[in-house]
Structure formats: structure tokens, C-alpha cells
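Next up is a structure, given as C-alpha cells.
Only this structure's heavy atoms are used, side chains among them; waters, hydrogens and symmetry mates stay out.
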Amino acid sequence: QVQLVESGGGLVQAGDSLRLSCLASGRTFSRYTMGWFRQAPGKEREFVAGIMYSGDITNYADSVKGRFTISRDNAKNTVYLQMNSLKLEDTAVYYCAQHSTALSYMVPQSASRYGYWGQGTQVTVSS
């Protein structure tokens, strides 16, 4: 069974940076697209960034493009989200998720396409 554990969240000021990590326990991590989602209070969960199994294709929400970078290290079963120039509106619980289809070249933005989810890590940006 796949388990995903996020880490790296915290309280930062606007303009600061954070790097989130998601460690996967499964043996087939390298076969799957991975995604980062976030959910702010009172809002629905939204796609942030995704990366296909080989790392060759990435996808970003318009709101974070140019500021956030997703990457992965398949040898470590870990996906990262580097967040720079953080804004107040980035405050949310951030979740990592594993796509449901192995060896896919798609990096979907729909949460329904991801079958495994972590517990989330809180990111709070203050002014």
C-alpha cells in the first residue's frame, strides 16, 4: 500500500521561500505522475503542480507558475515543491498525491485522477 508523508511546511513571511517534501513508501513510485494540491480555509482543493514519472513533463497552476518548482528524486521516492516569493494567498494545507495510472505522460490537474494522498502540511504566509 502506498503511503505519502509531506513535510516542510511552516510559518513564513511574504516573499520568503519554503521547500516541501513528500516521501512515498511504495515500491512503484518511479512509475507514477505525482502532484501537489492545496486547500485554503473555506475553499476547495486546487491543483498546484504536477510532474510525470520520469520528470520530463511538468504542469503548474497559473497562480504559481514562475514562483514554484516541482521536482522529484526517484531514487529517494520523494517529490519536492520549491516555493519562492510566497504570497499571503499561498496559505493553505498542501497535499501530495499519486496519479492512478502508471507510466502516464499526462499530468492532470483534476484531483479525481489521483488515487493516493498524504495527510498534508500547513503553509502559512504572513505579512
Side-chain angles (χ1 to χ4, degrees):
Q1 298 181 14
V2 174
Q3 294 186 40
L4 305 174
V5 180
E6 303 96 335
S7 62
L11 174 63
V12 298
Q13 295 190 81
D16 285 353
S17 298
L18 277 176
R19 189 180 74 161
L20 306 183
S21 299
C22 175
L23 176 64
S25 64
R27 294 174 178 265
T28 60
F29 171 82
S30 63
R31 302 177 186 174
Y32 290 89
T33 285
M34 298 294 295
W36 284 98
F37 293 77
R38 67 187 182 187
Q39 188 165 22
K43 299 183 65 177
E44 295 185 349
R45 189 168 299 184
E46 66 174 344
F47 175 82
V48 177
I51 184 167
M52 62 104 66
Y53 66 92
S54 69
D56 291 335
I57 301 173
T58 57
N59 193 6
Y60 295 93
D62 289 341
S63 60
V64 306
K65 191 173 184 178
R67 298 189 298 121
F68 292 9
T69 302
I70 188 170
S71 61
R72 67 190 298 158
D73 186 340
N74 286 342
K76 295 182 178 180
N77 267 29
T78 302
V79 60
Y80 304 95
L81 184 68
Q82 178 66 45
M83 304 185 294
N84 297 329
S85 301
L86 283 162
K87 303 175 180 180
L88 293 177
E89 52 263 44
D90 294 320
T91 295
V93 176
Y94 283 71
Y95 301 88
C96 66
Q98 182 175 288
H99 191 226
S100 298
T101 304
L103 305 180
S104 175
Y105 280 78
M106 301 296 295
V107 186
Q109 297 190 359
S110 175
S112 66
R113 302 299 185 96
Y114 295 80
Y116 295 94
W117 296 81
Q119 298 300 307
T121 185
Q122 176 71 229
V123 173
T124 302
V125 184
S126 64
S127 62

What are the two closest non-hydrogen atoms of Ser25 and Val2, and how far apart are they?
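Shortest heavy-atom contact: OG-C, 3.9 Å.
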Take atom CD of Gln3 as the centre, draw a 6.0 Å sphere, and report whether it contains more than 12 heavy atoms from other residues, nucleotides or ligands.
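No - once you tally the heavy atoms of other residues, nucleotides and ligands closer than 6.0 Å, there are 12 at most.
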Provide the full list of salt bridge (charged side-chain N to carboxylate O under 4.0 Å, His left out) pairs with a residue in residues 60-75, sequence neighbours left out, each pair given once.
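Sorted pair list: Arg67-Asp90.
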Between Ala40 and Ala92, what is the shortest heavy-atom contact and its length?
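Looking at all heavy atoms of both residues, the closest pair is N-CB, 3.8 Å.
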Nearest atoms (heavy-atom pairs only) where Thr78 meets Ser21:
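Closest pair (atom of Thr78, atom of Ser21, distance): CG2-CB, 4.3 Å.
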Looking at every heavy atom in both Ser100 and Gly115, which two are closest together, and how far apart are they?
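Closest approach of Ser100 to Gly115, heavy atoms only: OG-N, 3.2 Å.
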Heavy atoms, side chains only, cut-off 4.5 Å: are Tyr114 and Thr33 in contact?
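The answer is yes, as the side chains (C-beta and beyond) meet within the 4.5 Å cut-off.
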Those residues that, when tested against Arg45, pass salt bridge (Lys or Arg N to Asp or Glu O under 4.0 Å) (two or more places apart)
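Not a single residue meets the salt bridge (Lys or Arg N to Asp or Glu O under 4.0 Å) criterion with Arg45.
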With no hydrogens and no angle check, is any side-chain donor or acceptor of Asn59 less than 3.5 Å from a backbone partner on Pro108?
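No: the side chain of Asn59 does not pair with the backbone of Pro108.
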Quick one: do Met34 and Met83 end up in the same hydrophobic cluster if we chain Ile, Leu, Val, Met, Phe, Trp and Tyr together by side-chain heavy atoms under 4.5 Å apart?
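Yes, because Met34 and Met83 connect within a single hydrophobic cluster, where side-chain heavy atoms sit under 4.5 Å apart.
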Can you establish whether the number of heavy atoms outside Glu89 located under 6.0 Å from its atom CD is more than 12?
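Atom CD in Glu89 is crowded, with more than 12 foreign heavy atoms closer than 6.0 Å.
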Check ring-ring contact (aromatic ring centres under 6.0 Å, His included) between Tyr95 and all other residues, then give those that pass, not counting sequence neighbours.
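Tyr95: no ring-ring contact (aromatic ring centres under 6.0 Å, His included) contacts found.
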How long is the gap from CG on Leu4 to CD on Gln119, to the nearest 0.5 Å?
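Nearest 0.5 Å value for the CG-CD distance: 9.5 Å.
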Membership question, hydrophobic clusters at under 4.5 Å side-chain separation (ILVMFWY): are Met52 and Tyr60 in the same one?
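In one cluster: no.
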Which atoms form the tightest heavy-atom contact between Tyr32 and Ala102, and what is the distance?
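Here Tyr32 and Ala102 meet closest at CE2-N, 3.4 Å.
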How would you list all residue pairs meeting salt bridge (charged side-chain N to carboxylate O under 4.0 Å, His left out) that involve residues 6-34, not counting sequence neighbours?
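Output for this query is empty, none listed.
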Listed by chain and number, what are the side chain to side chain donor-acceptor pair (under 3.5 Å) partners of Ser7, not counting sequence neighbours?
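Counting only residues at least two positions away or on another chain, Ser7 forms no side chain to side chain donor-acceptor pair (under 3.5 Å).
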I need the Leu81 CG to Ser71 OG distance, nearest 0.5 Å.
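Between Leu81 CG and Ser71 OG, I get 8.5 Å after rounding to 0.5 Å.
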For Phe47, check ring-ring contact (aromatic ring centres under 6.0 Å, His included) against everything at least two apart and list the hits.
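In terms of ring-ring contact (aromatic ring centres under 6.0 Å, His included), with neighbours along the sequence ignored, Phe47 is linked to Phe37.
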Looking at OG of Ser126 and CG of Leu11, how far apart are the two atoms once the value is rounded to the nearest 0.5 Å?
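Answer rounded to 0.5 Å: 5.0 Å.
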List the atom of Ala24, the atom of Phe29, and the distance in Å for their closest heavy-atom pair.
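Minimum heavy-atom separation between Ala24 and Phe29: CB-CD1, 3.5 Å.
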Asp56 side-chain N/O to Tyr105 backbone N/O, donor-acceptor pair under 3.5 Å
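Such a contact is absent between Asp56 side chain and Tyr105 backbone.
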Same apolar cluster: Val107 and Tyr116, side chain cutoff 4.5 Å
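Per the 4.5 Å side-chain linkage, Val107 and Tyr116 are not co-clustered.
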Point-to-point distance, once rounded to the nearest 0.5 Å, from CZ of Arg38 to CD of Glu44:
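One finds 14.0 Å between CZ of Arg38 and CD of Glu44.
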Roughly how far, to the nearest 0.5 Å, is the CD1 atom of Ile51 from the OG1 atom of Thr58?
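Reported value, rounded in 0.5 Å steps: 6.5 Å.
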Cluster question for you: counting only ILVMFWY and a side-chain heavy-atom cut-off of under 4.5 Å, with indirect links fine, are Tyr94 and Trp117 together?
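No, separate clusters.
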Check for me, please, whether Leu18 and Leu23 land in the same ILVMFWY cluster - side-chain distances under 4.5 Å, paths through other members count.
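In one cluster: no.
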What distance separates Gln122 CD from Thr91 OG1, expressed to the nearest 0.5 Å?
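Output value for this atom pair is 7.0 Å.
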